[in-house]
Amino acid sequence: MKKCIECGGKTVPVKDQPYLYDECGLDVILHGVTQFKCEQCGEIFVSLPNIENLHRVIGGFICSKRKSLLTPSEIKFLRKDLHLKSKELASVLGLRPETVSRWERGKETIGETQDRLLRSLYMNYAAEKVNSVICHGLVQIFSELPRERKKIKSPKKIELNPSDWLTGRVEVCEA
Ligand SMILES: [Zn+2]
């Protein structure tokens, strides 16, 4: 049994409770994660296996969404998972140094072309990393998009079942 890292108290496992993984900067709800609760101070702990894989799945989920442009926090998530600073990503995309940082702060909206380019870049990076396909049919997804989409104010939460986040495969999402 793990001890509480806050107070040293005894912890008990909490099962079947969805876990909000907002440490990644997005509202991601994970099912099938065992959490531990401190009996003394009430602090909740969780140990996630294979965070890298989990981040790839979240990234694939974001790149598969069709209805709206990437949001500021999604752009930030993809950039961080690419291990790039905002100026570096701007340079990769052939943009002015401040552009990516402006997207992430909501000062400027990403364009359709840049949205698709960033998704492609990310999916290519993900495929190189794991040497397998996470998100099928990016060309098909892009081909079904209207030429211009709006940005949305409050995106839907990403909800992942163990069959997604443990296997590393994203079923085509409708978001
Ligand atoms: Zn405690």
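Start at 1 with the first residue, then count along the sequence. Order of appearance sets the numbers: ligands from 1, and atoms from 1 within every ligand.
Look at E104 and R79 and you find a salt bridge, because one of the NZ, NE, NH1 or NH2 atoms lies within 4.0 Å of a carboxylate O, short of that distance. In summary, R149 and E112 engage in a salt bridge, as defined by a charged side-chain N under 4.0 Å from a carboxylate O.
K65 has its side chain within reach of T71: a pair of non-hydrogen atoms, C-beta onward, lies under 4.5 Å apart.
For R96, the CZ atom counts as loosely surrounded, since its 6.0 Å shell holds 12 or fewer non-hydrogen atoms of other residues, nucleotides or ligands. Enclosure of atom CD in E23 by more than 12 non-hydrogen atoms of other residues, nucleotides or ligands within 6.0 angstrom is indicated.
Near-neighbour remark for the Zn ion (ligand 1): protein N, O or S atoms under 2.8 Å are C4 SG, C7 SG, C38 SG, C41 SG; waters not counted.
Ring centroids of F77 and H55 are separated by less than 6.0 Å, placing the two rings close together.
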